[in-house]
Asks: 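Attaching a single structure in structure tokens format; questions to follow.
Just so it is clear, the model here is predicted, and its values are computed rather than measured. Counting starts at 1 for both ligands and their atoms, in listed order. Throughout, numbering of the chain's residues begins at 1 and tracks the sequence.
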Amino acid sequence: MSEHQTPLIATIAAGLMLAFVFGLLAHRLRVQPIVGYLLAGVVAGPFTPGFTADLPLAAELAEIGVILLMFGVGLHFSLKDLLSVARIAVPGALGQIVVATAMGAGLAHLLGWPVPAGLVFGLALSVASTVVLVRALQDRHMLDTDRGRIAVGWLVVEDLAMVLALVLVPAVAVIASGDGVPASRIVFLMLVTLAKVSVFMGLMLLVGRRLIPWLMHHVAHTGSRELFRLAVYAIALGVAFGAAKLFDVSFALGAFFAGVVMGESELSQRATEEAMPLRDAFAVLFFVSVGMLLNPVVFVEAPLAVAGTVAIIVLGKSAAAWLIVRAFGHPNATALTISASLAQIGEFSFILIGLGISLALVPPEARDLVLAGAIVSIVLNPIIFGLAERLSPVERPGKSQQMPSIVPTTLAGHTVLVGYGRVGSHIGATLAGAGDAFVVVETGQRAVEQAQRDGAEVIVGNAAAPDVLSAANVAAARRLVVTIPEAFEAGQVVEQARVGNPSLEILARAHSDAAVAHLDKLGADLVVSGEREIAERMLDRIRDEAP
Ligand code: AMP
């Protein structure tokens, strides 16, 4: 069979291969892998010679990435979290949408487009991309922090608003065409949509919340890992699809709520692990599919309009978000993170602008502007995040309302304990009991709270970030204990600490011989391999029992 008979396989295979090659290249050149994935898309796209992947298929594959990502985010979110961020996320997201839409409409006016075109264009610039936002928060271990939750809540509200916008835009098209439609008809349509969304949420919260954890529990008891994995995928994709088909809710929102209700089960940790590998592969395809859409000519033909679009996304939206978050009395660090995470656009913008064009509301060149704006803002996003972090480095936990941005420890000659999970919390509790001076470095909110309950001094942040390690005063510490399971990250921590303090005693955790060798090489004094220690303990017992 040729590539033409198997477009799905061709698109997946070419998408993953190109993303891999360009991702590797980006890594070599020390730029963000996202840039590589987007370039891979440009190469696979119709505007460059050679192989052209199937565009609609690529977009659908990307949607699977969105579903799995939002499902994963939902697993981290409890209903309580959702309600607690609603107070700022609802007015924040709505306020930002209004400001961004007004600015977009302003630019459209300068370009000589009619008012309805400007409104749709502005709306398209106002919604951030789920994939970009969630990946940025995940990379920085921020999903489980207050700021991360606000950003995700904000995104959920934006998604909801867009569901309504997708109903409203066709109605505007009818009005613009001059056929009088009674206002009551539009109000009716909006109400029907709202009712459908409410019914979906009500069903999830009343029925899904009981049914899904029960089902997961049941499947876990079959003892079949395969069935458990299938259950996770079936529920995530099934609920998302059903939400979209039956209730006009977006795939992303459907998946998010599936995650939220499954998160009520104590099996959610396992579900997260199962959903991860597939999720990451499809999220990469998202960037490839965005790159495929880009017609690079727009940068030459309309550089000013592109610059204006990017300015609205990156500067205008950020300024609006920053002001709103500050107005609600949140600290500067929170405002900066939220501004940075929303300073980009993505999948929803393409859908909205596509709809506008198909209804002849918006001139076709709007699509190129939105795409160029998306690509530039996605490429800039890590840089903007870096800037935001530089402006407000490390936070201390506790009263999140008036947190100072960085409070380095005053300890010296102490122990720095990285990670406070199953391994680190054991060590910390014992150190505390013995009255040893130590400081904990943690990213996860729950682990941070546990450490504080145990009376430990905590620095919240990714230990692999240089400013976090210096806040823990590694330079003057006696010992560093790295208890995080991920070898690459542990390696970054060990390497920096060793450079900063040659006499430091470094203990590290590993799970494979390769990881042991890696950490050894980077300067750890003792690397303890979990699996090996388990085997040793079992062997001890076997030897003891031998006659
Ligand atoms: P466990 O595997 O149960 O010992 O948990 C590991 C702990 O390390 C978790 O609580 C994570 O939140 C934490 N952790 C993982 N990576 C990092 C990191 N880069 N910086 C700080 N804490 C981390």
Side-chain angles (χ1 to χ4, degrees), residues 72-73 75-77 135-149 263 266-270 272-273 276 280 337 385-386 389 393-397 406-409 415-432 438-454 456-474 477 479-498 500 506-512 515-516 518-519 522 524 527-534:
V73 173
L75 283 172
H76 278 270
F77 245 75
R135 280 179 49 119
L137 293 176
Q138 256 165 6
D139 287 351
R140 291 167 182 78
H141 293 280
M142 278 185 182
L143 263 184
D144 272 343
T145 62
D146 283 347
R147 305 185 253 173
R149 288 209 188 91
E266 65 276 22
L267 293 163
S268 65
Q269 180 61 36
R270 257 186 78 193
T272 313
E273 282 160 20
M276 230 157 22
D280 291 347
T337 302
F385 244 106
E389 275 177 352
V394 183
E395 289 182 10
R396 295 260 285 189
I406 183 167
V407 183
T409 182
T415 296
V416 177
L417 179 57
V418 174
Y420 208 80
R422 288 161 303 177
V423 177
S425 60
H426 256 293
I427 299 174
T430 308
L431 289 179
F438 71 104
V439 56
V440 171
V441 178
E442 238 308 332
T443 51
Q445 181 108 338
R446 299 210 162 81
V448 166
E449 283 161 12
Q450 182 61 44
Q452 285 169 330
R453 273 198 297 276
D454 293 349
E457 178 178 342
V458 189
I459 291 174
V460 181
N462 182 354
D467 49 353
V468 174
L469 278 186
S470 67
N473 199 12
V474 165
R479 191 189 290 122
L480 170 72
V481 186
V482 184
T483 75
I484 60 181
E486 218 282 311
F488 279 106
E489 260 186 344
Q492 289 171 0
V493 178
V494 169
E495 188 175 18
Q496 294 178 52
R498 181 49 83 214
I506 303 182
L507 317 181
R509 163 184 177 187
H511 287 283
S512 68
V516 173
H518 177 63
L519 294 169
L522 294 173
V527 185
V528 182
S529 157
E531 282 67 12
R532 194 161 281 257
E533 288 303 309
I534 295 170

Asks: Within the protein, flag every N or O under 3.5 Å from an N or O of ligand 1, and note the pair and distance.
Replies:
unit_1, atom_1, unit_2, atom_2, d
ligand 1, 2 (O), R422, NH2, 2.9
ligand 1, 2 (O), R509, NH1, 3.1
ligand 1, 2 (O), R509, NH2, 3.3
ligand 1, 3 (O), R422, N, 2.6
ligand 1, 3 (O), R422, NE, 2.8
ligand 1, 4 (O), R422, N, 3.0
ligand 1, 4 (O), V423, N, 3.1
ligand 1, 4 (O), R509, NH1, 2.8
ligand 1, 8 (O), E442, OE2, 3.4
ligand 1, 10 (O), E442, OE2, 2.5
ligand 1, 12 (O), E442, OE1, 2.8
ligand 1, 12 (O), E442, OE2, 3.3
ligand 1, 12 (O), T443, OG1, 3.4
ligand 1, 19 (N), N462, OD1, 2.6
ligand 1, 19 (N), E489, OE1, 3.4
ligand 1, 20 (N), A463, N, 2.9

Asks: L480 and R498: side chain to side chain contact (heavy atoms under 4.5 Å, CB included), yes or no, with the steps?
Replies: CA-CA 10 Å; L480 170 72; R498 181 49 83 214; over 6 Å; no
Asks: Could you check if a side-chain atom of E489 sits within less than 4.5 angstrom of a side-chain atom of N462, using non-hydrogen atoms only?
Replies: yes
Asks: Would you name the heavy atoms of Q496 and A464 that are closest together and state the gap between them?
Replies: NE2-O, 2.8 Å
Asks: Taking only residues two or more places apart in sequence, or in another chain, which ones meet F77 in a ring pair (Phe, Tyr, Trp, His ring centres under 6.0 Å)?
Replies: F256
Asks: Tell me which one of V528, V423, V482 satisfies side chain to side chain contact (heavy atoms under 4.5 Å, CB included) with R509.
Replies: V423
Asks: Just so I know, are the side chains of Y420 and D454 near enough to count as touching, which here means a heavy-atom distance under 4.5 Å?
Replies: yes
